[in-house]
Visitor: 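Sharing a structure here in structure tokens format.
Fair warning: this is a prediction, and the values are worked out from it, not measured in the lab. One is the number of the first residue; the rest follow in order along the sequence.
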Amino acid sequence: MTRTLLAAVLGVAAFAGTGCAAGAEPEAQVPPAKPAPSRTAPACPEDGVVIKGSRVDAAMGTRAMGITLTNCGKRPYQVNGYAGVRVLDEDRKPLDVQVDHGSDVVDDVGPETVTLRPGEHVRAVLMWRNRVTDVTGPAVNGAFLALTPAEGGGRPQLVRELIDLGTTGELGITAWHREGPKPKPKPRT
């Protein structure tokens, strides 16, 4: 019985491979698909730094997303403070979102001057809550983040990410910081 079943399966597979129509139908011409927007910025922009976003960590309405700024240039690059953040819609138009320093969920050590040698990076964390506090208006859903190394300066780099703010219209960000242990401050004399 098993041998008969195997022969039948092999026979059907062989027949399917030969085709059963007298003339083959022409294949439909499908236009090439547009490339999907990247979750990250290009390899190394002209200013020598690249900003990339990590996946969003979501739990019980609270969202957190790490962003990394890497010095991909050939010279040292200095950062101090907070990244510039704009939330954009699907058409890449700015949404009315308030960006605050710090967060009630993620510790923010505050701004510190960091000089990055080529290849080094710093991180920051974006945090928001998907909470509906007003049922009379629509929820805010961003499709892109326009990120700059500093507030009010630099060429924005786009990161594609769903930013589902609910109706709060608020987003928190930590200052750029190095990962790992912080150097101990020198004692004041």
Visitor: Does either side chain, that of Asn80 or that of Gln78, offer a donor lying less than 3.5 Å from an acceptor on the other one?
Guide: no
Visitor: Just wondering, do Leu165 and Leu95 contact through their side chains at under 4.5 Å, heavy atoms?
Guide: no
Visitor: Looking only at non-hydrogen atoms, find the nearest pair between Phe144 and Glu90 and report the distance.
Guide: CE1-O, 3.8 Å
Visitor: For a quick check under 3.5 Å, do Asp108 and Thr174 share a side-chain donor-acceptor pair by atom type?
Guide: no
Visitor: Check the pair Glu120, Arg178 against side chain to side chain contact (heavy atoms under 4.5 Å, CB included), reporting the backbone distance first and the verdict last.
Guide: CA-CA 9 Å; Glu120 291 184 330; Arg178 289 189 191 272; 3.6 Å; yes
Visitor: Quick one: does any side-chain atom of Asp91 pair with a main-chain N or O of Lys93 as donor and acceptor, under 3.5 Å?
Guide: no
Visitor: Can you confirm whether Ile67 sits close enough to Trp176 that some side-chain heavy atom of one is under 4.5 Å from a side-chain heavy atom of the other?
Guide: yes
Visitor: Are any side-chain N or O atoms of Thr148 and backbone N or O atoms of Gly154, one a donor and one an acceptor, separated by less than 3.5 Å?
Guide: no
Visitor: Could you report the tightest heavy-atom contact between Val99 and Val85, atom names first, then the distance?
Guide: CG2-O, 3.7 Å
Visitor: Got Leu158 and Leu88 here, is their nearest side-chain heavy-atom distance under 4.5 Å?
Guide: yes
Visitor: Passes side chain to side chain contact (heavy atoms under 4.5 Å, CB included), Leu171 versus Leu126? Steps please.
Guide: CA-CA 7 Å; Leu171 176 76; Leu126 297 169; 4.3 Å; yes
Visitor: Could you tell me which non-hydrogen atom of Thr115 sits nearest to which non-hydrogen atom of Pro76, and how far apart they are?
Guide: CG2-CB, 3.9 Å
Visitor: Would you compute the distance between atom CE of Met127 and atom OG1 of Thr62 and round it to the nearest 0.5 angstrom?
Guide: 6.5 Å
Visitor: Look up atom OH in Tyr82 and atom CD1 in Ile173, then write down how far apart they are to the nearest 0.5 Å.
Guide: 9.0 Å
Visitor: Heavy-atom count around Arg86 CZ within 6.0 Å, excluding the residue itself: above 12?
Guide: no
Visitor: Please name all residues satisfying side-chain contact (heavy atoms from CB on, under 4.5 Å) with Asp47, sequence neighbours left out, ordered by chain then number.
Guide: Pro45, Val49, Arg155, Gln157
Visitor: Checking Arg123 now: which residues fulfil side-chain contact (heavy atoms from CB on, under 4.5 Å) with it, not counting sequence neighbours?
Guide: Thr68, His121, His177, Glu179
Visitor: Would you indicate whether the side-chain heavy atoms of Thr70 and Lys52 approach each other to under 4.5 Å?
Guide: no
Visitor: Any donor and acceptor pair, going by atom type alone, linking the side chain of Thr168 with main-chain N or O of Arg131 inside 3.5 Å?
Guide: no
